[in-house]
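Take a look at the structure below.
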Amino acid sequence: MKLLHPKLIDLSLGRVERLLAKLGSPHQALPPVVHIAGTNGKGSVTAYLKAMLTAAGHRVHVYTSPHLVRFHERIELAGADGLTRPIGEADLVDILSRTQAVNKGDDITQFEITTAAAFLAFAEHPADIVLLEVGLGGRLDATNVIDRPALTVLTPISLDHADKLGNTIECIAAEKAGILKHGVTCVVSQQDDAVHGVIAREATRIGTRTVVWGQDYDAYEQRGRLVVQKSDRLLDLPLPGLFGRHQIVNAGTAVAAALELGAFAIEEQAIERGLTTVRWPARMQRLDEGPLPSLLHPGAELWLDGGHNPAAGSFIAQSLADLEERAPKPLYLIVGMMGLKDAEGFLTSFRGLAREIVTVPIPGAHEAPFTPETLAEVARSAAIDAEAAPSIEAALRRVEALAPGPKRVLITGSLYLAGQVLALQEGVEPQAN
């Protein structure tokens, strides 16, 4: 898509509000909206809710970003059969063409015009509910033109995008809490105390009810099951289909949100089915077959996760430590990261866990990534052995040379890198973000 505004990211609502008015305000003609913000876990929570609502027989539209392989992934439409799928090529071309024609060359960012086009598609295709994921921040994100959602959700908030949202967790929490609306319940996931304080003050200021992790609900693993507890209800559920201890938090948050959507009558059976059938690529995803696993020893494990900030690094490292406890294998990381990320903060969690890191470039990234050489230096400064490789395939071959037998390999550090990996697996060219 042609970039019509000189800045790729420029947080503001004025441009998208102007465009939506020209389009006939499709954002005011949507089914009920669940608006989801946070630093980590918002995609997973969205995926769980989508699976639960679909299992309950509801037609669900979904808006997420960034995409991994194809741009179409960002806009998912409910079909006549009740299943939700990425928008088709013809529909995507149609809505983008109409949106750009109405915009008439006015300043607009890619995310803003995509968001307006998504609202147009959602308004023109029947559905029961829209799951709307914030792109960046919340208060000034283009999705925040929805002034009366059915529910808001705040997933775990931590330091990320400090150059755009503020360099303290309190500043970032205030931006995320900007999606709260008067009289609209907000489900709040597990948070640091400082974040809780910011959210509580904002909720009091605007007059909204919150359902808070650790106060109004809790979730934990017990005897191989997921237990979600509220003051008036106890649910004994199967463990979530997405791997990792942090998914207990994400799944528990999604269950709490589902229970708040009383009008949609999501029964426990649908919640159970959603938890087990959920799919969300590049979140501790094991790659068992395809061209990349074939570069490794048959007894090797290859994993993929798009985590890219210190909190995500901690979650991923915990998941790998759990795997190591169950089935010990030497661990190697293949890492590529965007240049504005806290690479040392992300990598520090793997100290003492990973034998070595092989760093790689991220071709076609919309912002400047770390060069493999610079990222390797950062890893070594975090006391982890590291070397650079020119590609993902070369990195896998290097790991195989370092440890020819059974081993565990994780490719991580960026959703854009994860998209490259999935495209290689599928034998296609990834579409630029």
Side-chain angles (χ1 to χ4, degrees), residues 36-48 64-69 133-136 155-162 165 169 172 176 189-190 192 240 242-251 253 278-287 301-324 331-351 353-354 357-360 362 365 367 369-370 375 378-379 382 384 386 392 395 408-422 433:
I36 303 166
T39 306
N40 293 299
K42 62 181 183 289
S44 295
V45 169
T46 301
Y48 287 120
T64 57
S65 62
H67 63 272
L68 292 172
V69 180
E133 183 188 307
V134 165
L136 182 64
T155 68
I157 294 168
S158 62
L159 289 169
D160 199 9
H161 299 292
L165 302 179
I169 197 167
I172 292 171
K176 307 280 187 184
S189 188
Q190 189 177 59
D192 290 346
L242 301 180
F243 181 78
R245 197 178 298 185
H246 57 293
Q247 290 298 345
I248 297 296
V249 175
N250 294 333
T253 302
V278 65
R279 185 176 179 275
W280 193 230
R283 279 73 177 179
M284 283 306 292
Q285 177 184 0
R286 184 163 175 181
L287 306 176
E301 297 176 12
L302 182 59
W303 295 79
L304 176 66
D305 194 287
H308 49 263
N309 56 51
S314 177
F315 297 150
I316 297 165
Q318 184 61 66
S319 299
L320 292 167
D322 290 343
L323 281 172
E324 175 66 13
L331 173 67
Y332 294 84
L333 300 188
I334 296 172
V335 181
M337 297 189 73
M338 304 302 285
L340 292 175
K341 297 299 180 183
D342 180 1
E344 186 169 359
F346 177 78
L347 295 174
T348 297
S349 293
F350 303 99
R351 184 189 299 143
L353 193 61
I357 291 175
V358 182
T359 57
V360 296
I362 307 178
E367 296 176 2
F370 281 99
L375 192 54
V378 174
I384 307 172
I392 294 165
R408 185 168 288 124
V409 182
L410 172 70
I411 305 174
T412 189
S414 169
L415 282 170
Y416 304 109
L417 179 67
Q420 295 280 339
V421 169
L422 294 175
N433 267 279

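Every value quoted in this text rests on a predicted model; they were computed, and no experiment measured them. Only this structure's heavy atoms are used, side chains among them; waters, hydrogens and symmetry mates stay out.
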Taking C-beta and beyond as the side chain, do Met284 and Leu242 meet within less than 4.5 Å on heavy atoms?
-> no
With a 4.5 Å heavy-atom cut-off, do Leu304 and Leu422 have their side chains touching?
-> yes
What is the distance from atom CG of Asn309 to atom CZ of Phe346, rounded to the nearest 0.5 Å?
-> 8.0 Å
Contact check, side chains of Val249 and Ser189, non-hydrogen atoms, under 4.5 Å = yes
Heavy-atom side-chain contact between Ser158 and Asn40 under 4.5 Å = yes
Residues that Glu324 engages under salt bridge (charged side-chain N to carboxylate O under 4.0 Å, His left out), provided they are two or more places apart = Arg408
Spacing of Ile334 atom CD1 and Ile411 atom CD1 [to the nearest 0.5 Å] | 4.5 Å
Nearest heavy-atom contact between Val358 and Ala395 is CG1-CB, 3.6 Å
Flag the pair Leu417 / Ile392 as yes when at least one side-chain heavy-atom distance between them is below 4.5 Å, and no otherwise.
-> yes
Salt bridge (charged side-chain N to carboxylate O under 4.0 Å, His left out) against Arg245, all qualifying residues, sequence neighbours excluded = Asp322
Interatomic spacing from NZ in Lys341 to CG in Leu347 - rounded to 0.5 Å | 13.5 Å
Can you tell if the side chain of Leu415 reaches within under 4.5 Å of the side chain of Arg283, non-hydrogen atoms only?
-> yes
Arg351 side chain to Ser349 backbone, donor-acceptor under 3.5 Å | no
Which atom names give the shortest non-hydrogen contact between Ala37 and Val134, and what distance separates them?
-> CB-CG2, 3.6 Å
Would you name the heavy atoms of Ala312 and Gly307 that are closest together and state the gap between them?
-> CB-CA, 3.9 Å
Should the pair Phe315 and His246 be assigned to parallel (<30°), tilted (30 to 60°) or perpendicular (>60°) ring geometry?
-> parallel
For residues 305-318, the salt bridge (charged side-chain N to carboxylate O under 4.0 Å, His left out) pairs (sequence neighbours left out) are none
Looking only at non-hydrogen atoms, find the nearest pair between Glu133 and Ser65 and report the distance.
-> OE2-O, 3.2 Å
Give the intermediate values and the outcome of side chain to side chain contact (heavy atoms under 4.5 Å, CB included) for residues Thr64 and Trp280.
-> CA-CA 11 Å; Thr64 57; Trp280 193 230; 4.1 Å; yes
Using distance alone, with no hydrogens and no angle criterion, decide if Glu367 and Tyr416 have a side-chain donor and acceptor under 3.5 Å apart.
-> no
Going from CG on Leu165 to CG on Leu136, what distance comes out if it is rounded to the nearest 0.5 angstrom?
-> 4.5 Å
Correct closest heavy-atom pair for Val45 and Asn250 would be CG2-O, 3.5 Å
Any chance you could measure Ile362, atom CD1, to Gln420, atom CD, to the nearest 0.5 Å?
-> 8.0 Å
Below 4.5 Å, heavy atoms only, C-beta onward: do Phe350 and Val335 meet side chain to side chain?
-> no
Check Ala386 against Ala379 and note the closest heavy-atom contact, atom names and distance.
-> CB-CB, 3.6 Å
Is a side-chain N or O of Asn433 found less than 3.5 angstrom from the main chain of His67, in a donor-acceptor match?
-> yes
CD-CG distance between Gln285 and Leu302, expressed to the nearest 0.5 angstrom | 9.5 Å
Should Leu287 and Val421 count as side-chain neighbours, where that means a heavy-atom distance under 4.5 Å?
-> yes
